[in-house]
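This report refers to the structure that appears directly beneath it.
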Amino acid sequence: MIQKTDLIITTPSPFNFAATISSHGWVDLPPNYCDAETNSMRRIEQLSPGNVVILQIYDVNSDDPSLIGVQVESENLLLESEKQEILHKLWDMLRLDEDLSEFYAICQKRGAPWDEMTRGYGRILRSPTFFEDVVKTICTTNVQWGGTRGMIKRLVENYGEPYPGNPALRTFPSPEVIAALPFDEFHANVRMGYRSAYIHLLSQRVVLGEVDLEAMKRSPLPTNELKKELLSIKGVGNYAAANLLMLAGRYDELTVDTVFRQFMRERYFQNQIPTDKEALTIYEDWGKWKYLAYWFEIWQYYNNQ
DNA sequence: TTCCAGGGGTAGA
DNA sequence: TCTACCCATGGA
């Protein structure tokens with residue numbers, strides 16, 4: 001018997017749900033699904049006791065952006081602890097605990113167009129586990145976006161836990177599931193090229209306790225030291241480490257990739273190709289907020305074209 | 001068919 | 001720290 005449970009999250013102000021779910025491509029990578037028409041997001045998630053549920057996350061009222069609704073579809077009536085787990089995970093995914101007041105104050109002082117940022121922009125969607133964020137980031141390297149989507153889709157379809165009411169809907173696979181697979185089988189099914197070895201190895205190291213990704217996400221270490229830890233993960237280089245720092249809530253590094261280089265060339269260098277060093281000087285005075293400044297500019301640039 | 005993508009690992013300077 | 005070379009995969 002399908003159960004539906006409605007939950008409400010009251011967010012800190014300012015918050016902009018639409019800007020958060022469309023903040024980057026993560027909303028289009030399974031087990032996340034974007035419904036552009038209703039401006040909502042769906043996610044298939046496994047809870048601690050093992051239950052797989054469907055989360056439909058939406059704006060309760062566009063006039064009151066501080067309220068987020070969550071409709072949970074499940075096979076069994078939800079326990080109170082499961083409701084709390086869902087709220088906790090969504091709080092983390094939407095980064096509702098991040099204090100952006102210092103950044104907003106700088107944007108306000110700079111005036112237009114930066115002051116628009118203070119209308120709740122800058123909370124960039126992430127996954128409930130850092131493992132999922134690391135795997136997805138590795139699958140964005142040296143591949144076009146369509147390729148990334150294909151890899152993650154195959155990973156979820158092959159190895160995610162199915163939702164009982166519709167086995168086509170699956171969760172993001174856990175490191176335990178991936179680590180237990182024979183590598184050849186995993187490699188053949190996910191078709192991630194050389195990335196599959198990195199992800200299989202990472203899963204094994206997580207299961208063996210050799211890498212604690214959740215501790216990295218919440219590490220008190222200075223950014224440069226945390227970056228070294230991230231770079232020690234095979235498959236994570238400069239671009240991926242910068243993306244993961246951003247996902248861990250640190251904005252002092254920029255993701256130098258083909259998107260960054262093309263944007264900088266068009267926006268700041270009159271279509272002449274700058275060196276990476278030259279391009280990086282553009283956001284230097286944003287200090288620990290570099291990535292959010294870059295994110296806002298590129299988000300505006302491609303949404304207004 | 002060839003090219004190359006939201007790069008990274010490794011070896012060798 | 002920098003450079004050269006190789007790396008699977010699939011879309012264009």
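What you see is a predicted model, and the numbers here were worked out from it, not measured in a lab. Proteins get letters first, then strands, A, B, ... in listed order; numbering begins at 1 in each.
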Please report the distance separating the [atom1] of [N] from the corresponding atom of [M], rounded so that it comes out in whole Å.
| N | M | atom1 | result |
| --- | --- | --- | --- |
| B:dC4 | B:dG8 | C1' | 15 Å |
| C:dC7 | B:dA5 | C1' | 14 Å |
| B:dC3 | C:dC6 | P | 15 Å |

_For A:Leu213 versus A:Phe130, what's the shortest heavy-atom pair and its separation?_
O-CD2, 3.3 Å
Using a cut-off of 4.0 Å on non-hydrogen atoms, how would the nucleic acid contact of [X] be classed: base, sugar-phosphate, or nothing?
| X | value |
| --- | --- |
| A:Gly235 | sugar-phosphate |
| A:His187 | sugar-phosphate |
| A:Ile233 | sugar-phosphate |
| A:Thr258 | sugar-phosphate |

To the nearest angstrom, how far is [X] atom [atom1] from [N] atom [atom2]?
| X | N | atom1 | atom2 | result |
| --- | --- | --- | --- | --- |
| A:Leu201 | B:dG9 | CG | P | 11 Å |
| A:Phe186 | C:dA8 | CZ | P | 15 Å |
| A:Leu231 | C:dT1 | CG | P | 11 Å |

*asked:* Judged by each residue's nearest nucleotide on DNA chain B, which is more toward the 5′ side, A:Val259 or A:Tyr198?
replied: A:Val259
_Residue closer to the 5' end of DNA chain B, A:His24 versus A:Val236 (nearest nucleotide)_ = A:His24
*asked:* Side chain of A:Arg191 only, heavy atoms from C-beta on: which candidate in B:dG6, C:dG10, B:dG9 is closest?
replied: C:dG10
*Closest to the A:Lys234 side chain, choosing from B:dG6, B:dT10, C:dA8*: B:dT10
*Report the relative orientation of the aromatic rings in A:Phe131 and A:Phe172; use parallel for angles under 30°, tilted for 30 to 60°, perpendicular for over 60°.*
perpendicular
